[in-house]
**Student:** 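Have a look at this one.
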Amino acid sequence: MNKPLDSVTITTVWSYFWRVCREMRETVERTATNVLIVTLHDLAYTIYDADGNALAVPEGIPHRLLSPKLGVKHIREKFGDDIHPGDVFLANTPDDGAAHLPDWVYIRPVFCGGELTFFAVMGVHVADNGGAQPGSNFMSFDNISEGFNIPLSRIVKGGEWNNEVFDVIMANNRLPDLMRRESSACIGSLAIGNRRLTELCEKYGRETVVACTREMMDRAEAAVRKQIESWPDGTWYAEASADSDGKDLTKPITVRASLTVKGSDLYFDFSDTDPETDGMLNIHDYMTYSDCCCNSFLFFGRELLTYHNEGSCRPIHMKTRPGTLVDASRTAKIAAGVALTGGLVNEVIQNLLSQVLPEKAIAPYSRQVTSNIITMGRPGVFVSFSASASAAGKWMKLLPFFAVPGSIFGGWLDQKVGTRRAGLMMGVGYIISGVCGGFLPYNSVTNVIFVFMFFFMTGSNANMVMSHVMSLYGPRDYPVIWGRSAVIMQIFTVTAPIILSTSLRLTNGYRSAYAAFAIASLVGTILIFFSASRIDKEPGEKPTAQYKA
């Protein structure tokens with residue numbers, strides 16, 4: 001192409017890719033029916049060029065945003081020239097860039113002028129993926145029982161379902177009807193991406209658009225390098241820990257890393273991280289690298305946030321040691337690695353960059369149902385008490401048996417004795433759980449008692465509030481009123497972990513932390529009790545007022 005690129009065309013094309021990504025997201029969120037997609041936004045959507053370079057890195061979960069790049073490259077390697085317009089590929093294995101097995105990655109090649117030019121990608125967390133148990137299979141015993149492994153497969157061929165492949169996938173799913181709808185929603189979002197990218201090439205010409213993408217990546221790299229050059233050179237260290245490896249309650253895990261800033265390059269080194277675990281908390285190196293890039297973007301300046309692409313990642317380098325938590329083997333269990341170990345990696349990276357640029361420091365976030373301790377005596381060290389995916393580890397498969405009866409009991413109790421009296425009873429239950437966790441000898445028996453009491457009471461508490469609101473206001477106005485009650489539940493959710501983590505920080509012991517957590521839970525129950533006092537009803541009493549919007 002002889003005609004030089006002008007700034008207006010480059011800017012228009014650059015912004016266009018971001019707009020297409022967001023339109024893909026909007027499409028899947030409006031057409032899917034899975035709460036994980038529609039409400040929790042647990043998805044990753046990106047556009048890659050034909051060589052697997054990311055052209056837009058929009059909002060999303062850090063370790064998922066760039067990991068599908070692996071699947072895009074494997075399509076070229078596996079299918080070669082047997083890639084055609086209208087095809088859609090699906091994968092969920094670590095080999096193909098999925099974060100864990102419940103993350104299904106849909107990839108559609110985009111042809112412009114008869115040539116493969118782009119790949120549109122939509123990755124979502126699905127409601128079921130087979131395996132030994134429903135859900136994400138935290139208690140699986142190997143990577144096969146974690147879920148149905150889907151190698152990179154063509155599920156749509158030339159615009160038509162490839163049922164010979166897709167029927168096999170659906171036969172191994174507990175929710176085949178739902179998953180057919182969800183897959184249709186994802187494929188529909190990719191169809192939107194295909195249409196918009198084709199329109200872009202038709203308007204400006206394929207050569208011009210491809211040239212713009214190369215210029216975009218070069219300019220993003222130059223802008224990022226300019227930022228890094230202004231940073232002080234040096235090496236920094238950070239680590240983050242969780243109290244359990246997901247299987248053994250007495251075995252903590254730690255992610256350790258150093259960051260070296262040298263000139264215009266960043267070098268992350270995770271070689272000292274703990275070895276991979278027999279639990280479900282492992283992640284793979286491409287996820288760790290995606291975390292390095294996406295967290296670094298937060299420190300490159302607000303003016304660059306909507307311009308990042310593959311070029312932004314070129315100055316970012318990562319070193320790991322195979323067989324560790326952050327670079328696990330192919331057969332390692334990974335079900336909860338995204339949520340917990342991925343969170344540790346994010347904390348470590350943000351800690352490192354916060355030491356380099358204190359004026360842009362980012363505090364750790366509240367992981368799972370608990371908070372993190374900011375320091376344990378020396379800079380750059382984080383410790384967390386993770387009572388959900390980690391600390392409850394080997395008891396997690398018992399939780400449904402605890403929470404579900406508790407939920408049923410809470411609703412029944414509310415109907416029988418009224419919300420205020422039921423709330424007081426729930427408070428007593430929390431006190432008992434606090435005694436079990438804080439004062440009884442810490443062993444397997446008392447741990448079961450504590451887990452039972454805590455989750456039984458949690459299930460009871462949640463359903464007690466919902467039951468009360470529904471019975472008083474009826475199903476029509478339930479969503480509005482429940483939104484108000486949810487604020488109170490949020491107070492409990494935020495307060496309890498803060499007290500728990502503070503107790504753990506001051507005492508370095510779990511017993512007092514358990515007790516503090518139970519006390520905070522009791523405070524949440526009291527808040528619910530008083531909030532219900534103005535609208536409470538006696539057992540069997542019909543509501544006398546209806547909420548009017």
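What's counted below: heavy atoms across the whole structure, side chains too, no hydrogens, waters or symmetry copies. The residues of the chain are indexed from 1 along the displayed sequence. Not measured: the values here are computed from a predicted model.
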**Student:** Would you say that more than 12 heavy atoms from the other residues, nucleotides or ligands in this model lie under 6.0 Å from the NZ of Lys360, or not?
**Tutor:** yes

**Student:** If every non-hydrogen atom of Ile150 is compared with every non-hydrogen atom of Thr93, which pair is closest and at what distance?
**Tutor:** O-CG2, 3.4 Å

**Student:** Can you see whether Ser183 engages Tyr106 through a side-chain donor-acceptor pair at a distance of less than 3.5 angstrom?
**Tutor:** yes

**Student:** For a salt bridge (Lys or Arg N to Asp or Glu O under 4.0 Å) check, start with the C-alpha distance between Arg22 and Glu26, then their side-chain angles and the critical distance, and finish with the verdict.
**Tutor:** CA-CA 6 Å; Arg22 288 176 173 143; Glu26 184 79 7; over 6 Å; no

**Student:** Just by distance, do the side chain of Ser145 and the backbone of Asp142 share a donor-acceptor pair under 3.5 Å?
**Tutor:** yes

**Student:** Got a sec, which residues hit ring-ring contact (aromatic ring centres under 6.0 Å, His included) with His317, two or more places apart in sequence or on another chain?
**Tutor:** Tyr267

**Student:** Can you tell me which residue pairs pass the salt bridge (Lys or Arg N to Asp or Glu O under 4.0 Å) test with a partner in residues 99-111, sequence neighbours excluded?
**Tutor:** Arg64-Asp103

**Student:** Would Trp104 and Asn129 count as having a side-chain donor-acceptor pair, cut-off 3.5 Å?
**Tutor:** yes

**Student:** In terms of heavy-atom contacts, does OH of Tyr307 have more than 12 from other residues, nucleotides or ligands at under 6.0 Å?
**Tutor:** no

**Student:** Test your reading of the model: is there a side-chain donor-acceptor pair from Ser290 to the backbone of Leu66, 3.5 Å cut-off?
**Tutor:** yes

**Student:** As a test of understanding, state which of Asp285, Asp269, Thr273 forms a side chain to side chain contact (heavy atoms under 4.5 Å, CB included) with Thr320.
**Tutor:** Asp285

**Student:** Locate the shortest heavy-atom distance separating Cys112 from Thr198; write the atom from each residue and the value.
**Tutor:** SG-CA, 4.4 Å

**Student:** Give a yes or no answer on whether the side chain of Asn172 reaches the backbone of Val168 with a donor-acceptor pair at less than 3.5 Å.
**Tutor:** yes

**Student:** Report the residues that fulfil ring-ring contact (aromatic ring centres under 6.0 Å, His included) with Phe17, sequence neighbours left out, ordered by chain and then residue number.
**Tutor:** Phe118

**Student:** Any idea which heavy atoms bring Ala242 and Leu340 closest together, and the distance?
**Tutor:** CB-CD2, 3.6 Å

**Student:** Taking the six-membered ring for Trp, are the ring centroids of Tyr289 and Phe268 within less than 6.0 Å of each other?
**Tutor:** no

**Student:** Tell me which one of His125, Glu146, Met280 satisfies side chain to side chain contact (heavy atoms under 4.5 Å, CB included) with His100.
**Tutor:** His125

**Student:** Return the minimal non-hydrogen interatomic distance between Val38 and Ala32, and the atom names on each side.
**Tutor:** CG2-O, 3.3 Å

**Student:** Check this for me: does any side-chain nitrogen of one of Asp87 and Lys157 sit under 4.0 Å from a carboxylate oxygen of the other?
**Tutor:** no

**Student:** Under the 3.5 angstrom rule, does the side chain of Asp96 hit a backbone N or O of Leu152 as a donor-acceptor pair?
**Tutor:** yes

**Student:** Salt bridge check, Glu77 against Lys73: does any charged N sit closer than 4.0 Å to a carboxylate O?
**Tutor:** no

**Student:** Scan for salt bridge (Lys or Arg N to Asp or Glu O under 4.0 Å) pairs involving residues 302-331, sequence neighbours excluded, and state none if there are none.
**Tutor:** Lys69-Glu310, Asp95-Arg330, Asp218-Arg314, Glu221-Arg314

**Student:** Tell me if a side-chain donor or acceptor on Asp128 pairs with a main-chain N or O of Val126 at a distance below 3.5 Å.
**Tutor:** no

**Student:** Measure the shortest side-chain to side-chain distance between Leu200 and Val13 over non-hydrogen atoms and say whether it is less than 4.5 angstrom.
**Tutor:** yes

**Student:** Between the main-chain N or O of Val8 and the side-chain N or O of Thr11, is there a donor-acceptor pair closer than 3.5 Å?
**Tutor:** no

**Student:** If I compare all heavy atoms of Val165 with all of Ser153, which pair ends up nearest, and what's the gap?
**Tutor:** CG1-CB, 3.8 Å

**Student:** Quick one: does any side-chain atom of Asp51 pair with a main-chain N or O of Asn53 as donor and acceptor, under 3.5 Å?
**Tutor:** no

**Student:** Considering all heavy atoms of both residues, which atom of Asn282 and which atom of Ala328 are nearest to each other, and what is their separation?
**Tutor:** CB-CB, 3.6 Å

**Student:** Evaluate whether atom CZ of Arg30 has more than 12 neighbouring non-hydrogen atoms of other residues, nucleotides or ligands under 6.0 angstrom away.
**Tutor:** no

**Student:** Between CG of Leu353 and CD of Gln350, what distance do you get to the nearest 0.5 Å?
**Tutor:** 8.0 Å

**Student:** Using 4.0 Å as the upper bound for N to carboxylate O, is an ion pair formed by Glu29 and Arg25?
**Tutor:** yes

**Student:** With a 4.5 Å limit on heavy-atom distance, are the side chains of Phe299 and Ile228 in contact?
**Tutor:** no

**Student:** Taking ring-ring contact (aromatic ring centres under 6.0 Å, His included) as the test, write out the residues that go with Phe297, two or more places apart.
**Tutor:** His308

**Student:** Output yes when a side-chain donor or acceptor of Tyr45 lies under 3.5 Å from a complementary backbone atom of Ala120, and no otherwise.
**Tutor:** no

**Student:** Taking atom types as modelled and ignoring hydrogens, do the side chains of Asp291 and Thr288 form a donor-acceptor contact shorter than 3.5 angstrom?
**Tutor:** no

**Student:** Do any N or O atoms from the side chain of Asn162 and from the backbone of Arg154 form a donor-acceptor pair under 3.5 angstrom?
**Tutor:** yes

**Student:** Got a sec, which residues hit ring-ring contact (aromatic ring centres under 6.0 Å, His included) with Phe166, two or more places apart in sequence or on another chain?
**Tutor:** Trp161

